[in-house]
Amino acid sequence: MNNSIKNLLVWYQKNERQLPWRQTSNPYYIWLSEVILQQTRVDQGLPYYIRFTEKYPDIALLASANEQDVFKLWQGLGYYSRATNMLKAAREIVSTYHSEFPKNMNLLMKLPGIGSYTAAAIASMAFNMPHGVVDGNVYRVLSRLYGIATPINSSRAHTQFLVLTEELMSTHSPALFNQAMMELGALVCKPQNPDCLACPLQSNCFAFSHKQQGDFPVKTPKAKQKTRYLTYYVISVTTNGHAQFFLNQRKSTGIWANLFDFPSFETHQPLPFDQAIHQAIDNGLLPNDSFNITQVSNEYKHLLTHRILRARFISIQISGAIPANLIKSLLLINQTSLSEYPVPVLVERYLRDVKLIE
DNA sequence: CAGGCGTGGAA
DNA sequence: TTTCCAAGCCT
């Protein structure tokens with residue numbers, strides 16, 4: 001097996017993709033890339049990584065950023081708690097650790113948004129400490145290599161695969177070994193149609209010799225997506241030909257935490273138009289009269305990992321007095337400022353369609 | 001510890 | 001169209 005590992009390392013040095021975070025051992029850049037790449041493909045994350053490093057070239061600059069700027073830069077990447085946690089961690093590192101990442105797994109894992117994977121990635125790639133990274137790639141490579149049937153989304157899997165990883169790592173360079181394992185998973189030992197003929201571990205691989213590549217890794221099925229219906233109220237007031245809109249900042253938990261959108265209701269069943277209007281009035285979103293429905297959008301279907309959202313946007317102009325509730329709980333902003341607010345992709349899509357932005 | 005949390009690419 | 005799922009973390 002040790003020869004196979006050497007094959008793997010040779011394979012990596014020949015086949016690795018040239019990615020900007022591989023040209024450095026600066027823990028700030030390693031960390032940034034790892035957070036961006038959590039559950040995210042390189043192709044999708046790369047432009048974000050470039051923008052972040054350009055705008056915030058070091059951790060002190062990120063720590064001193066305001067939250068909305070960070071969110072705006074993160075917009076479209078998903079899993080928005082990563083942005084919140086990243087900013088918190090940056091500030092903690094600057095204030096508590098004098099802008100230096102702790103060289104210690106336990107301390108790293110205490111930072112928000114840094115779990116066992118990211119901590120090991122920083123420790124190994126930035127400091128070359130012998131900690132194994134166990135991500136989706138490693139699960140896939142090792143489960144096939146050894147025919148391990150432990151469901152990888154079970155709690156004991158992480159411990160089991162971590163032990164194995166660190167045994168295989170042995171005295172090899174942790175940075176090199178970890179990245180080689182992940183790169184092999186990304187380029188060769190892919191989820192579908194693995195390229196086993198190009199694999200440096202082929203001669204030792206259980207799944208290859210038993211033609212069971214498709215049977216590993218084992219994972220227990222996830223709950224099915226649930227459909228939810230979203231009714232948005234795009235409420236505007238126009239004074240002297242100058243349009244303003246009411247924006248809602250979402251709560252700090254749940255979907256799209258801290259992002260901005262329009263006031264809305266989420267229901268388990270489609271909300272008929274009449275009911276949608278009545279509910280809005282009952283909840284103080286609209287006055288009893290003196291408003292005009294100017295448009296009802298087509299349904300937008302927005303897919304999340306765990307949900308199917310069917311959204312409709314109702315455009316409403318208020319002509320009379322503005323309900324006190326709106327002023328109190330929402331932001332009234334100029335149309336020209338809409339593009340400054342970080343919004344979910346669904347809302348961005350709508351805003352472009354109706355030409356409220358760009 | 002099961003479930004919540006985004007988005008977009010590939011087959 | 002549907003399904004899977006990508007360098008996970010938090011509660």
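Source: prediction; values computed, not measured. A, B, ... follow the sequence lines: proteins, then strands. Residue 1 opens every chain.
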Do the two ring centres, one from A:Phe313 and one from A:Tyr300, sit under 6.0 Å apart?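 For A:Phe313 and A:Tyr300, the ring centres are under 6.0 Å apart.
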Using a heavy-atom cut-off of 4.0 Å across all strands, would you classify [X] as base, sugar-phosphate, or nothing?
X	answer
A:Ile114	sugar-phosphate
A:Trp21	base
A:Gly45	nothing
A:Ser33	nothing
A:Arg156	nothing
A:Arg22	base
A:Ser154	nothing
A:Gly185	nothing

Could you state the atom-to-atom distance from [atom1] of [X] to [atom2] of [N] in whole Å?
X	N	atom1	atom2	answer
A:Lys88	C:dC9	NZ	C1'	13 Å
A:Asp135	C:dG8	CG	C1'	9 Å
A:Ile308	C:dT3	CD1	P	9 Å
A:Leu77	C:dA6	CG	P	17 Å
A:Lys222	C:dA6	NZ	C1'	10 Å
A:His158	C:dC10	NE2	C1'	15 Å
A:Ile122	C:dG8	CD1	C1'	13 Å
A:Tyr80	C:dC9	OH	C1'	17 Å

Contact interval (first through last nucleotide) of DNA chain B with protein chain A, 4.0 Å heavy-atom: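 Contact span on the strand: B:dC1 to B:dG9.
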Do we see a donor-acceptor contact under 3.5 Å between the side chains of [X] and [Y]?
X	Y	answer
A:Glu348	A:Gln75	yes
A:Thr118	A:Gln38	yes
A:Tyr80	A:Asn258	no

Mapping A:Thr305 and A:Lys301 to their closest nucleotides on DNA chain C, which lands nearer the 5' end?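 In this pair, the answer is A:Lys301.
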So which one's nearest nucleotide on DNA chain C is more toward 5', A:Arg41 or A:Leu111?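 It is A:Arg41 whose nearest nucleotide is closer to the 5' end.
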Which value, in whole Å, describes the distance between the P atoms of nucleotides B:dG6 and C:dT11?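 B:dG6 and C:dT11 have their P atoms separated by 14 Å.
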Here's a test of your reading of the structure: between A:Asn153 and A:Ile255, which maps to the more 5' nucleotide of DNA chain B?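 Looking at the nearest nucleotide for each, A:Asn153 comes out on the 5' side.
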Go nucleotide by nucleotide along DNA chain B from the 5' end; which of A:Asn193 and A:Gln44 gets its closest nucleotide reached first?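 This one resolves to A:Gln44.
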Count the heavy atoms of every other residue, nucleotide or ligand shown that sit under 6.0 Å from NE2 of A:His242, and state whether that count exceeds 12.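 Check passes, neighbour count above 12.
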Salt-bridge test for A:Arg17 and A:Glu183: reply yes if a basic N is under 4.0 Å from a carboxylate O, no otherwise.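 Result for this pair is yes, salt bridge flagged.
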Does the A:Arg228 side chain pair with the main chain of A:Arg307, one donor and one acceptor, at a distance under 3.5 Å?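 Not confirmed, A:Arg228 side chain does not pair with A:Arg307 backbone.
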Respond yes when some side-chain nitrogen or oxygen of A:Gln39 is under 4.0 Å from OP1 or OP2 of C:dG8, and no when none is.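 It does, given that an N or O in the side chain of A:Gln39 lies less than 4.0 Å from OP1 or OP2 of C:dG8.
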Is there a path of hydrophobic side-chain contacts, each under 4.5 Å between heavy atoms of I, L, V, M, F, W or Y residues, that connects A:Leu73 with A:Trp31?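 Hydrophobic grouping puts A:Leu73 with A:Trp31.
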